[in-house]
Amino acid sequence: MSVRSLTTALGAACGAFALLLAVPGSASAATGQFRYSYGTAEGYEAVGFLNNPPSGVCLSLEGPASEPGSVSWAPRNLTRSTATVFRDADCTGDDFVSLPPGAGGGDDLLVRSVVFS
């Protein structure tokens with residue numbers, strides 16, 4: 001094999017690899033923002049949010065400085081995916097609510113975890 005053929009083959013392979021990296025994959029994320037309220041360690045109400053959260057992954061809703069296992073409330077789903085919120089940790093238990101895109105719950109809707117479809 002000549003040097004020119006090897007250089008051409010190597011260039012073609014590198015070009016194909018670069019093209020493969022440039023093509024976007026099927027990243028699975030709930031585009032948008034998910035908001036919720038929580039209590040701080042100092043006793044104040046704060047707002048937490050998840051930007052473009054991953055789909056199919058259970059996420060715990062604990063704000064900065066909040067007590068581990070504390071309950072958040074008033075979720076607001078501003079993503080393009082359905083959010084299923086759970087009162088229990090780890091997206092478990094029989095107490096859950098599905099929030100379609102744009103929907104939210106009041107202060108009486110308590111949540112500890114969420115998963116997006």
| field | Co-membership, hydrophobic cluster, residues Val111 and Val47, 4.5 Å side-chain | value |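 Different clusters.
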| message | Any heavy-atom pair between the side chains of Leu61 and Val114 that's under 4.5 Å? | response | yes
| field | Side-chain heavy-atom pair Arg35, Leu78 within 4.5 angstrom cut-off | value | yes
For residues 49-58, tabulate all N or O donor-acceptor pairs below 3.5 Å that involve a side-chain atom, not counting sequence neighbours.
residue	atom	partner	partner atom	Å
Asn51	OD1	Gln33	NE2	2.8
Asn52	OD1	Gly32	N	2.8
Ser55	OG	Ser117	O	3.4

| note | Joining Ile, Leu, Val, Met, Phe, Trp and Tyr whenever any side-chain heavy atoms lie under 4.5 Å apart, the cluster holding Phe96 also takes in Phe86, Val115
Within this structure, what is the [atom1]-[atom2] distance for the pair [X] and [Y], rounded to the nearest 0.5 Å?
X: Leu110; Y: Ser72; atom1: CG; atom2: OG; answer: 9.0 Å
X: Ser113; Y: Leu59; atom1: OG; atom2: CG; answer: 9.0 Å
X: Arg112; Y: Cys91; atom1: CZ; atom2: SG; answer: 12.5 Å
X: Phe116; Y: Thr79; atom1: CZ; atom2: OG1; answer: 5.0 Å

| said: So which atom in Asn77 and which in Leu99 form the shortest heavy-atom distance, rounded to 0.1 Å? | reply: ND2-O, 2.9 Å
| Contact summary for Trp73 and Gly39, nearest pair of heavy atoms |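 The pair with the smallest heavy-atom distance is CH2-N, 3.4 Å.
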| message | I'd like to know if the side chain of Thr92 pairs up with that of Asp90 as donor and acceptor (distance under 3.5 Å, no hydrogens or angles considered). | response |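 Distance-only check fails for Thr92 and Asp90.
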| remark: Contacts of Pro100 meeting side chain to side chain contact (heavy atoms under 4.5 Å, CB included) (sequence neighbours excluded), chain-then-number -> Ala103
| request: Return yes if some donor-acceptor pair links the side-chain N/O of Arg76 with the main-chain N/O of Gly102 below 3.5 Å, else return no. | output: yes
